[in-house]
Amino acid sequence: MQCVDMLVIQGMSLKILWRLHQPLKRTQACGFALRTLNRLNSVPANRTWSLQMRLQSTTTANKSVLKQGGMLGKRTFKGPRTKQPSRTNQPSLEEDMMQCIAYATADQYHLPTLCHDLIAHGFIEIKEFPRDASNVLVMGTENAAKPYDSGTIFIFREGSVVFWNVEEKTVKTVMRILEQHEIQPYEVALVHWENEEINYTVGESNSKLHRGIFLFNEELDYDQVVLEKFAFSNALSLSVKLAIWEVSLDNFVESIQSIPEMLKSGQRVKLSRAEVMQKIGELFSLRHCINLSSDLLITPDFYWDREDLEQLYDKTCQFLNINRRVKVVNEKLQHCTELTDLMRNHFSEKHSLRLEWMIVVLITIEVMFELARVIF
């Protein structure tokens, strides 16, 4: 009876050892199992049972670890990185503080129809605004998040919107209305990720940006406060638009990152001439948006005769690192341009070489016909 028990125990031990050492080669696993069996023959029954229980507990622990943590070595998904310093430096929202939040949702808005639609939904257009700021629509709402200030919305023609002390429900309503007047809209997840959130409050000091908070002078009249909010909103709108373009550039860089490795290893580039021309078009379109069709490189004309507003605008742009980010983006664009030019020259050389060979073949055929005519 004891011999039968020993055989059963040895069989179970071999089965456990075989499962633990499946990644080994078949011959190594068999040799390991035979050596272990010889050792078990010289071990008493009680020690063999103890060894079997230890191996069984180890196997159970390994299975529980895999069940809880998933596959070993598998990385957890990380969301895209944010480029806005204001989000990390933003202080907690206190009792007397209100929130300003900016989104970039599309390339452009159609402001006339958008204004009519917002008025139909109960919003109020603020018409006492300088005419030289024609690229913005200023709307007021009674649904303020806090009673310390009125709710104000700045909608820029370039596809960005800034909310000042507007409750969340009203923000969602405006975003749904904007969807009907967008030209080339962006992805919803990207819009809500690449936003800007800054707190603001009203006090006795002069209006300024201090430690990541907008401070407004409570003694100013309503029209002047709206102008100062416009200066801050203008910088915020540039920041969120730049964030969208940064993501587009990152996606473009990711799409061509395999080309240098192919060229380095001498492999054939798996891109057609049409695909290369499409990449060049995407690159120049992005370059045009950043350097020509936006105010990222220059101060808007609106601030030329309004020095106090220009200071607020410049201070906010410095806080959001807009100039440094534009410089980094342009350096990346220059590198991508050099790479696409290299690819275009490569295809041009291939095309020229193909034409030369065709000419050589045609000349050879013509010579052969002449020789045939002379000989025969």
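What's counted below: heavy atoms across the whole structure, side chains too, no hydrogens, waters or symmetry copies.
- For the pair Lys208 and Asp308, the salt-bridge criterion is not met [side-chain N within less than 4.0 Å of a carboxylate O].
- Within the model, atoms CD1 of Ile155 and OG of Ser233 stand 11.5 Å from one another, a figure rounded to the nearest 0.5 Å.
- Between Met277 and Ile280 the shortest side-chain heavy-atom distance falls below 4.5 Å.
- You'll find the side chain of Thr141 stays beyond 4.5 Å of the side chain of Ile124, heavy atoms only.
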- Task: Go through the steps for Val166 and Asn143 under the test side chain to side chain contact (heavy atoms under 4.5 Å, CB included), then give the verdict.
- Result: CA-CA 6 Å; Val166 180; Asn143 300 323; 5.8 Å; no

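- More than 12 heavy atoms of other residues, nucleotides or ligands shown are found within 6.0 angstrom of CD on Glu179.
- In this structure, Phe230 CZ and Thr152 OG1 are separated by 13.5 Å, a value rounded to the nearest 0.5 Å.
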How far apart are the C-alpha atoms of Val240 and Glu194, what are their side-chain angles, what is the distance that settles it, and do they pass the side chain to side chain contact (heavy atoms under 4.5 Å, CB included) test?
-> CA-CA 6 Å; Val240 290; Glu194 297 296 342; over 6 Å; no

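- With contacts defined as side-chain heavy-atom distances shorter than 4.5 Å, the pair Val253/Cys336 qualifies.
- Centroid-to-centroid, the aromatic rings of Trp164 and Phe216 come within less than 6.0 Å.
- Of all the heavy atoms in Ser255 and Lys279, the pair that sits closest is OG-NZ, 3.0 Å.
- A heavy-atom distance below 4.5 Å is found between the side chains of Leu227 and Phe302.
- Taking the six-membered ring for Trp, Phe252 and Trp245 have ring centres at least 6.0 Å apart.
- Linking ILVMFWY side-chain heavy atoms closer than 4.5 Å, directly or via other members, places Leu286 and Phe284 in a single hydrophobic cluster.
- Counting only heavy atoms from C-beta outward, the side chains of Val138 and Ile153 never approach each other to under 4.5 Å.
- Geometric assessment of Arg131 against the ring of Phe129 yields a negative cation-pi assignment under the 6.0 Å and 45° thresholds.
- Minimum interatomic distance between Glu204 and Glu218 (heavy atoms only, all atoms of both residues): CG-OE2, 3.4 Å.
- The side-chain heavy atoms of Val367 and Glu370, taken from C-beta on, include no pair separated by under 4.5 Å.
- If you take CG on Leu209 and CG on Leu312, they are separated by 8.5 Å, rounding to the nearest 0.5 Å.
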| task | Let me see the working for Thr170 and Glu167 under side-chain hydrogen bond (donor to acceptor under 3.5 Å, both in side chains), right down to the final yes or no. | result | CA-CA 6 Å; Thr170 307; Glu167 64 180 7; 3.2 Å; yes

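- A single hydrophobic cluster is not seen to contain both Ile183 and Val174; linkage of ILVMFWY side chains at heavy-atom distances under 4.5 Å, directly or through other members, places them apart.
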**Request:** For Leu137 and Met139, run side chain to side chain contact (heavy atoms under 4.5 Å, CB included): C-alpha distance rounded to whole Å, both residues' side-chain angles, the deciding distance at 0.1 Å, then the answer.
**Result:** CA-CA 7 Å; Leu137 177 64; Met139 305 296 294; 3.9 Å; yes

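- Residues Cys100 and Val162 meet the side-chain proximity criterion, which asks for heavy atoms closer than 4.5 Å.
- In this structure, the side chain of Ser239 does not engage the main chain of Leu320 through any donor-acceptor pair within 3.5 Å.
- For Ser285 (side chain) and Gly281 (main-chain N/O), no donor-acceptor pair under 3.5 Å exists by modelled atom type.
- Atoms CD and CD, on Gln99 and Glu168 in that order, are 9.0 Å from each other to the nearest 0.5 Å.
- Between the side chains of Ser294 and Lys241, no donor-acceptor pair is found at a separation under 3.5 Å.
- Hydrophobic clustering places Phe163 together with Leu111 (ILVMFWY residues linked when any side-chain heavy atoms are closer than 4.5 Å, directly or through intermediates).
- Within the 4.5 Å cutoff, side-chain heavy atoms of Asp117 are placed close to those of Gln180.
- Ser160 and Ser237 get closest at one heavy-atom pair: OG-CB, 3.0 Å.
- When all heavy atoms of Ile298 and Tyr313 are compared, the pair lying nearest together is O-OH, 4.3 Å.
- Side chain to side chain, Gln311 and Arg306 fail the donor-acceptor criterion of an N or O pair below 3.5 Å.
- Between the side chains of His116 and Thr113, no donor N or O sits under 3.5 Å from an acceptor N or O.
- Using a distance-only test at 3.5 Å, with no hydrogens or angles considered, no donor-acceptor pair links the side chain of Asn165 to the main chain of Gly151.
- No side-chain donor from either of Asp314 and Tyr303 sits under 3.5 Å from a side-chain acceptor of the other.
- The structure places CG of Leu178 at 7.0 Å from CG of Leu118, a figure rounded to the nearest 0.5 Å.
- Across all their heavy atoms, Ala106 and Glu182 have their closest contact at CB-CB, 3.7 Å.
- Distance OG1/Thr337 to CG/Asn330: 9.5 Å, rounded to 0.5 Å.
- Side-chain heavy atoms closer than 4.5 Å link hydrophobic residues (I, L, V, M, F, W, Y) into clusters, and following such links, possibly through other members, connects Phe123 to Ile119.
- Counting non-hydrogen atoms of neighbouring residues, nucleotides and ligands closer than 6.0 angstrom, the CD atom of Glu366 reaches no more than 12 such neighbours.
- Of the residues listed (His110, His181, Glu125), the one engaging Cys115 in a side-chain contact (heavy atoms from CB on, under 4.5 Å) is Glu125, and it is the only one.
- Hydrophobic clustering (ILVMFWY, side-chain heavy atoms < 4.5 Å, transitive): Val328 and Ile256 are in distinct clusters.
- Shortest non-hydrogen contact noted between Asn195 and Ala102 is CB-O, 3.1 Å.
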- Query: side-chain hydrogen bond (donor to acceptor under 3.5 Å, both in side chains) between Gln334 and Arg287: does it pass, once the steps are laid out?
  - Reply: CA-CA 9 Å; Gln334 182 62 31; Arg287 201 166 194 170; 3.0 Å; yes

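- Between the Asp221 side chain and the Gln224 main chain, a donor and an acceptor come within less than 3.5 Å of each other.
- Within a 6.0 Å radius of CD in Glu219, other residues, nucleotides and ligands contribute 12 heavy atoms or fewer.
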Begin from the C-alpha positions of Leu333 and Ile290 and carry the test side chain to side chain contact (heavy atoms under 4.5 Å, CB included) through to its verdict. CA-CA 10 Å; Leu333 286 171; Ile290 295 174; 4.2 Å; yes

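- Side chain of Tyr109 to backbone of Gly159: a donor-acceptor contact under 3.5 angstrom is found.
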